[in-house]
Amino acid sequence: MGQFDPKINSIRYCEPTHDSNRARWPLHSLWRLFEAVVTNDLMVNCCGVQPSDVISANKSAKMRELDSQLCGLFVTRAAISDVQADDFEEFMDAHVAALMRLSDEHATKLEEKIAKAKARYRLDG
């Protein structure tokens with residue numbers, strides 16, 4: 001039976017012991033059964049969806065989620081700055097320029113931050 005990569009799957013179901021370090025707790029028998037099903041039987045339930053399709057759908061969903069968050073943050077920032085709805089677009093343009101200056105002044109290079117973010121989400125396909 002295959003083991004899950006702890007960097008990818010940090011959740012596991014264990015049997016508590018008297019050891020205060022939970023990392024040393026043994027896996028519960030139900031978790032071992034789950035691993036066996038996922039490791040050996042998952043391909044039987046495959047519906048023909050290609051991994052690249054899943055990656056593309058996940059990437060699109062993440063972009064929609066982030067765009068929604070950004071919009072909410074901009075609206076909140078505008079409200080705190082007493083910006084009126086008619087001035088919102090101009091406010092956003094000016095604020096994006098301010099954010100670019102902040103990015104340029106940051107100690108970590110933008111290329112490095114982008115590479116780290118890309119690795120974190122693993123959305124390449």
- Heavy atoms from other residues, nucleotides or ligands near CD of Gln69 exceed 12 (cutoff 6.0 Å): yes
- Note on the structure: Between the CZ atom in Arg12 and the CZ atom in Arg22, the distance rounded to the nearest 0.5 Å is 10.5 Å
- Message: Please tell me whether Leu27 and Tyr13 are part of a single hydrophobic cluster in this structure, the criterion being side-chain heavy atoms less than 4.5 Å apart.
- Response: yes
- Query: What is the minimum heavy-atom distance between Phe88 and Phe74, and which atoms define it?
  - Reply: CE1-O, 3.6 Å
- Message: Hydrophobic clustering (ILVMFWY, side-chain heavy atoms < 4.5 Å, transitive) - are Val96 and Leu102 grouped together?
- Response: yes
- Message: Do Leu66 and Met92 sit in one hydrophobic cluster, given that two such residues count as connected whenever their side-chain heavy atoms are within less than 4.5 Å of each other, even indirectly?
- Response: no
- Query: Which residue pairs satisfy the salt bridge (charged side-chain N to carboxylate O under 4.0 Å, His left out) criterion with at least one member in residues 93-115, sequence neighbours excluded?
  - Reply: Glu112-Lys116
- How far does OG of Ser68 sit from CG of Leu73, to the nearest 0.5 angstrom? 9.5 Å
- Task: Look at the side chain of Thr17 and the backbone N and O of Asp19, then say whether any donor-acceptor pair between them is shorter than 3.5 Å.
- Result: yes
- Message: With salt bridge (charged side-chain N to carboxylate O under 4.0 Å, His left out) as the rule and sequence neighbours excluded, what pairs involving residues 66-87 come up?
- Response: none
- Query: Roughly how far, to the nearest 0.5 Å, is NE2 of His18 from CH2 of Trp25?
  - Reply: 11.0 Å
- Going through the checks in order, is the side chain to side chain contact (heavy atoms under 4.5 Å, CB included) test met by Leu99 and His95? CA-CA 6 Å; Leu99 292 172; His95 206 69; 4.0 Å; yes
- Query: Would you find more than 12 non-hydrogen atoms of other residues, nucleotides or ligands less than 6.0 Å from Glu65 atom CD?
  - Reply: yes
